[in-house]
Amino acid sequence: MLSVIPIVPFLIVYFAGIGLKQEKRKTFLLAMDVTTLFLLLSVSGLFNTIFHSNFGFFLILLIVLISAGLIGGAQNRLKGTVDGKRLLRAVWRLSFFFMGASYVLFMIVGLIRYISQAM
């Protein structure tokens, strides 16, 4: 269920952190980090279902690696070195937004296809 509805792990982590009286910003970022893994699994599954493919996970991995290369290159040009921890954090959090938008888009497309096939 957690990978079918990835908002559930986000809410669990966020409200658990708030319940433990942690800082809201840190709790929100931790919830984003945890949810990204579930989004990765559900978006790749939705992609595979909609496009009748087995390439969804690898496509997302390819996009994440390309974005890591682009961000690492930009970091190298600006600062002269690449900070691996900051690079990983930036790519992981950008992946959250990319996959969140992809999840919503694929859910809408999947629902439309399901409803149109049922009629």
Side-chain angles (χ1 to χ4, degrees):
M1 177 175 152
L2 293 179
S3 32
V4 174
I5 307 171
I7 190 73
V8 172
F10 181 86
L11 294 174
I12 290 171
V13 172
Y14 183 73
F15 287 120
I18 296 298
L20 294 173
K21 306 285 186 201
Q22 293 184 357
E23 188 179 324
K24 285 187 179 184
R25 183 179 189 280
K26 286 185 180 181
T27 302
F28 184 79
L29 294 175
L30 178 64
M32 279 177 53
D33 292 342
V34 169
T35 306
T36 303
L37 177 64
F38 293 102
L39 280 170
L40 173 70
L41 298 173
S42 55
V43 169
S44 65
L46 285 169
F47 180 89
N48 291 342
T49 301
I50 290 172
F51 296 108
H52 305 290
S53 166
N54 290 325
F55 190 65
F57 178 77
F58 300 109
L59 179 64
I60 294 171
L61 186 62
L62 178 66
I63 292 170
V64 167
L65 289 173
I66 289 172
S67 64
L70 292 172
I71 292 171
Q75 199 177 62
N76 189 33
R77 277 193 309 277
L78 291 175
K79 300 192 181 208
T81 62
V82 177
D83 184 3
K85 185 177 179 181
R86 291 187 72 201
L87 173 67
L88 182 64
R89 190 179 321 133
V91 170
W92 193 250
R93 294 204 176 133
L94 283 174
S95 297
F96 172 81
F97 291 113
F98 167 72
M99 286 188 285
S102 299
Y103 178 79
V104 171
L105 177 69
F106 289 158
M107 282 297 288
I108 292 170
V109 169
L111 286 172
I112 290 171
R113 287 186 70 194
Y114 178 77
I115 291 170
S116 68
Q117 289 175 355
M119 294 180 137

Distance check, rounded to the nearest 0.5 Å: [X] atom [atom1] versus [Y] atom [atom2]?
X	Y	atom1	atom2	value
Leu30	Glu23	CG	CD	12.5 Å
Ile12	Ile7	CD1	CD1	11.0 Å
Tyr114	Thr49	OH	OG1	13.0 Å
Leu41	Ile60	CG	CD1	9.0 Å

Grouping I, L, V, M, F, W and Y whenever their side-chain heavy atoms are under 4.5 Å apart, do [X] and [Y] come out in a common cluster?
X	Y	value
Leu94	Val82	yes
Phe97	Met99	yes
Leu61	Leu70	no
Val104	Leu40	no
Phe47	Leu65	yes

So the ring pair (Phe, Tyr, Trp, His ring centres under 6.0 Å) pairs with at least one residue in residues 17-37 (sequence neighbours excluded) are Phe10-Phe28
Are side-chain heavy atoms of Leu29 and Arg93 found at a separation under 4.5 Å? yes
Non-hydrogen side-chain atoms of Val13 and Thr35 separated by less than 4.5 Å
no
What are the two closest heavy atoms between [X] and [Y], and how far apart are they?
X	Y	value
Gly17	Thr27	CA-CG2, 3.7 Å
Ser44	Gly56	CB-C, 3.7 Å
Pro9	Phe38	CG-CD1, 3.5 Å

Closer than 3.5 angstrom, by distance alone: can the side chain of [X] be matched with the main-chain N or O of [Y] as a donor-acceptor pair?
X	Y	result
Asn76	Gly72	no
Arg113	Ile50	yes
Trp92	Asp33	yes

Applying side-chain contact (heavy atoms from CB on, under 4.5 Å) to Phe98 and not counting sequence neighbours gives Ile63, Ser102
Do other residues, nucleotides or ligands put more than 12 heavy atoms under 6.0 Å from the CZ atom of Arg89? yes
